[in-house]
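Just passing along the structure, written as structure tokens.
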Amino acid sequence: MSHTETQTLLRGRLLDFHAAPADEMDTDAYTYIKDGAILIEAGKIKATGVYQDIAAQAPKAAVKDHRPNLLLPGFIDTHVHFPQVQVIASWGEQLLDWLNNYTFPEETRFEDPKHSTAMAGHFYDLLTSHGTTTAVSYCSVHTASVDAYFAEAEKRNMCMIGGKVMMDRNAPDTLRDTPQSSYDDSKKMIAKWHGKGRAQYAITPRFAITSTPEQMQMAQALVAEHPECFVQTHLSENHDEIAFTKELYPDAPDYLGVYEGYGLLTPKTLLGHSIHLTPREIDVLAETQAKPVFCPTSNLFLGSGLFDDGGLRARGIQNAIATDIGAGTSYSMLQTLNEGYKILQLQKQKLHPLRAFDWITRGNAEVLGLSDKIGTLAVGSDADVVVLDSHATHAMDLRMQRAGSLSEELFILQTLGDDRAVSETYVAGVAQKNGAATIVNAPAVAPVLKSA
Ligand code: GUN
Ligand code: FE
């Protein structure tokens with residue numbers, strides 16, 4: 001790297017994870033530096049540590065002073081539907097009627113490239129304003145939506161994963177492909193986008209109900225031909241969905257058995273919801289290392305059920321966590337944790353705030369097999385960083401007056417925080433919100449959190 005390359009130094013309280021912490025005493029699992037810094041060069045993290053040390057290494061770097069705010073890796077949303085930005089907050093239905101009455105009609109609009117492009121702009125603005133720097137998204141059945149999705153990500157230099165939904169039955173005419181066209185279009189989109197900049201492709205049969213066995217065979221061929229791609233679909237979200245799947249695939253041992261039978265289960269497979277599982281299905285998840293994805297706000301909104309995080313983890317199954325917009329009700333991974341915490345409470349399971357913040361950063365990156373690039377503040381990682389203000393609202397500020405530890409502060413952030421608590425989001429080192437950093441030489445004394 002040339003010495004003339006611009007360097008940026010972010011100053012603030014650094015929090016970075018190396019494993020899922022059990023509690024605050026589990027200090028091997030995380031690094032917390034009260035006056036810390038991240039040195040960024042060419043979109044990557046060049047150094048992190050105590051501010052004085054890093055500043056001495058980079059005397060010419062432009063300092064962005066975010067004290068007393070927290071600096072963390074950008075949030076990762078592992079299951080979201082980009083064509084549902086105008087479906088979020090649709091009243092009164094559970095899964096199948098919600099799809100038929102609200103979601104499918106809306107997704108038909110994404111055949112129009114202009115509409116797709118406009119909505120992609122909104123989608124990315126919403127992600128970054130909520131602190132999310134990587135997402136794994138379903139596009140619509142139309143390649144126009146995939147092009148819009150990845151073109152916008154490329155413009156913003158974001159690490160995004162996504163794919164064309166494959167769906168050839170149980171949906172309106174205008175929203176159905178065919179086994180052959182779904183294969184051809186997916187191939188085309190993989191060739192065009194996978195590995196372009198920071199983009200990665202996910203082969204995306206929507207769910208068993210909307211794919212014929214012939215289409216499942218095509219998905220199987222795609223997965224076999226493209227082991228470099230992710231695979232994403234939905235699993236056991238709702239009882240009526242499970243019953244209908246049994247009717248459509250009478251020979252499968254259970255819902256997961258459909259995907260298993262078509263060779264769709266790999267460590268790169270993301271299974272949205274995975275709520276109502278049989279013991280055999282749990283065995284298959286453990287064997288194949290396919291990853292369940294917990295979508296708390298969606299599961300509550302559609303009345304789908306309670307995800308058994310503790311039970312799955314006890315079997316060594318690694319779970320991701322996600323918003324599932326537009327059945328999910330918030331773009332915020334903080335609000336996702338808030339509702340996730342309550343779902344676990346209903347099952348007498350505890351979500352420690354340190355594990356919660358590990359989950360939406362390093363944990364989700366590890367599920368994606370991308371923790372060498374995103375999800376931590378390790379040297380060499382892409383400089384995707386979120387800046388969190390624990391005093392962002394009146395209620396948070398008041399509650400923070402009684403916060404005596406980092407864990408307490410994080411719990412306040414995840415319970416009361418949303419986009420208002422995200423004071424800045426950096427994507428590959430570039431500020432997306434133009435938030436309140438002081439871009440001058442920093443004052444000598446910073447207000448920091450009371451000692452932990
Ligand atoms: N199952 C199949 N499609 C969808 C979808 O768009 N949202 C949710 N929540 N579940 C699904
Ligand atoms: Fe979904």
Side-chain angles (χ1 to χ4, degrees), residues 77-110 119 123 135-142 145 149 161-172 175-177 182 202-212 215-216 219 230-245 248-249 255-256 258-259 264 269-276 291-307 319-331 336 339 343:
D77 186 350
T78 52
H79 180 125
V80 56
H81 297 259
F82 139 63
Q84 295 177 16
V85 288
Q86 293 184 309
V87 174
I88 185 171
S90 293
W91 184 83
E93 306 295 6
Q94 295 214 344
L95 177 64
L96 298 180
D97 291 331
W98 175 85
L99 284 170
N100 284 322
N101 296 347
Y102 296 117
T103 305
F104 290 163
E106 190 56 39
E107 290 194 10
T108 59
R109 296 160 57 105
F110 286 74
M119 290 303 130
F123 179 67
V136 188
S137 184
Y138 291 64
C139 300
S140 74
V141 73
H142 319 96
S145 74
Y149 175 80
I161 300 161
K164 177 205 122 68
V165 149
M166 304 167 73
M167 49 192 297
D168 69 342
R169 67 170 163 183
N170 291 315
L175 212 57
R176 284 198 313 255
D177 51 18
S182 71
I203 298 159
T204 310
R206 183 176 203 124
F207 66 158
I209 288 176
T210 47
S211 287
T212 60
Q215 183 163 65
M216 285 299 191
F230 291 89
V231 184
Q232 60 178 347
T233 188
H234 294 86
L235 173 69
S236 295
E237 177 176 5
N238 167 291
H239 292 296
D240 292 343
E241 171 209 19
I242 295 167
F244 192 15
T245 301
L248 294 170
Y249 288 95
Y255 194 160
L256 188 60
V258 177
Y259 302 142
L264 302 187
T269 302
L270 303 169
L271 299 164
H273 308 293
S274 302
I275 299 170
H276 310 286
K291 308 296 196 301
V293 184
F294 180 23
C295 304
T297 69
S298 166
N299 297 162
L300 293 171
F301 182 73
L302 293 180
S304 300
L306 307 179
F307 181 86
N319 304 323
I321 185 165
T323 63
D324 191 32
I325 298 296
T329 53
S330 174
Y331 288 87
T336 300
E339 300 304 309
I343 286 179

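Below, all heavy atoms of this structure are taken into account, side chains as well, without hydrogens, waters or symmetry copies. Start at 1 and go down the list; that is how both ligands and their atoms are numbered.
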- Could you walk me through whether F294 and H79 pass the side-chain contact (heavy atoms from CB on, under 4.5 Å) test, one step at a time? CA-CA 9 Å; F294 180 23; H79 180 125; over 6 Å; no
- Task: Could you tell me whether ligand 1 has any atom less than 4.0 Å away from a heavy atom of Y138?
- Result: no
- Quick one: which ligand 1 atoms are inside 4.0 Å of a heavy atom on F207? 1 (N), 2 (C)
- For atom 7 (N) of ligand 1, closest protein heavy-atom neighbour: W98 CZ3, 3.4 Å
- Using a 4.5 Å cut-off on heavy atoms from C-beta on, say whether the side chain of M216 contacts that of Y249. yes
- Proximal candidate to atom 3 (N) of ligand 1 [heavy atom criterion; set E107, R206, E237]: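 Heavy atom nearest to atom 3 (N) of ligand 1 belongs to R206.
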- Item | Candidates Y138, Y331, F104 - the one meeting ring pair (Phe, Tyr, Trp, His ring centres under 6.0 Å) with H81 |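 Result: among Y138, Y331, F104, Y138 is the only option passing the ring pair (Phe, Tyr, Trp, His ring centres under 6.0 Å) with H81.
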- Message: Using 0.5 Å steps for rounding, measure from the CG atom of L99 to the CD atom of E93.
- Response: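 The distance works out to 10.5 Å.
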- To which protein heavy atom is atom 1 (N) of ligand 1 closest, and what is the distance rounded to 0.1 Å?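 So the nearest neighbour among protein heavy atoms is H234 CG, 3.4 Å.
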- Where do F110 and S140 come nearest, in terms of heavy atoms and distance? CB-OG, 3.4 Å
- the Fe ion (ligand 2) to H81: any N/O/S contact under 2.8 Å? yes
- Does some side-chain heavy atom of T233 sit less than 4.5 Å from a side-chain heavy atom of L264? no
- Message: Are V293 and Q232 packed together at the side-chain level, in the sense that at least one heavy-atom pair is separated by less than 4.5 angstrom?
- Response: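 Of all side-chain heavy-atom pairs linking Q232 with V293, none is under 4.5 Å.
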- Under a heavy-atom criterion of less than 4.0 Å, does E241 contact ligand 1?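 Judged by the 4.0 Å heavy-atom criterion, E241 does not count as contacting ligand 1.
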- Can you say whether the rings of H234 and H273 are parallel (under 30°), tilted (30 to 60°) or perpendicular (over 60°)?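 Parallel.
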- Do D324 and ligand 1 have an N or O pair less than 3.5 Å apart?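 Yes; the residue has a nitrogen or oxygen that sits under 3.5 Å from a nitrogen or oxygen of the ligand.
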- ligand 1 N/O within reach of Q84 N/O, cut-off under 3.5 Å: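 N/O-N/O distance under 3.5 Å: yes.
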- Item | Pair E339-N299, side-chain donor/acceptor within less than 3.5 Å | no
- Examine T103 against ligand 1 and note whether any of their N/O atoms are separated by less than 3.5 Å. no
- Query: Relative to ligand 1, is I209 under 4.0 angstrom through side chain, backbone, both or neither, heavy atoms considered?
  - Reply: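 Neither; no heavy atom under 4.0 Å.
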- Proximal atoms of ligand 1 relative to A327 (non-hydrogen, under 4.0 Å): 9 (N)
- Taking the Fe ion (ligand 2) as the vertex, what is the angle from OD1 of D324 to NE2 of H234, given to 10 degrees?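 The two atoms form an angle at the metal of about 170°.
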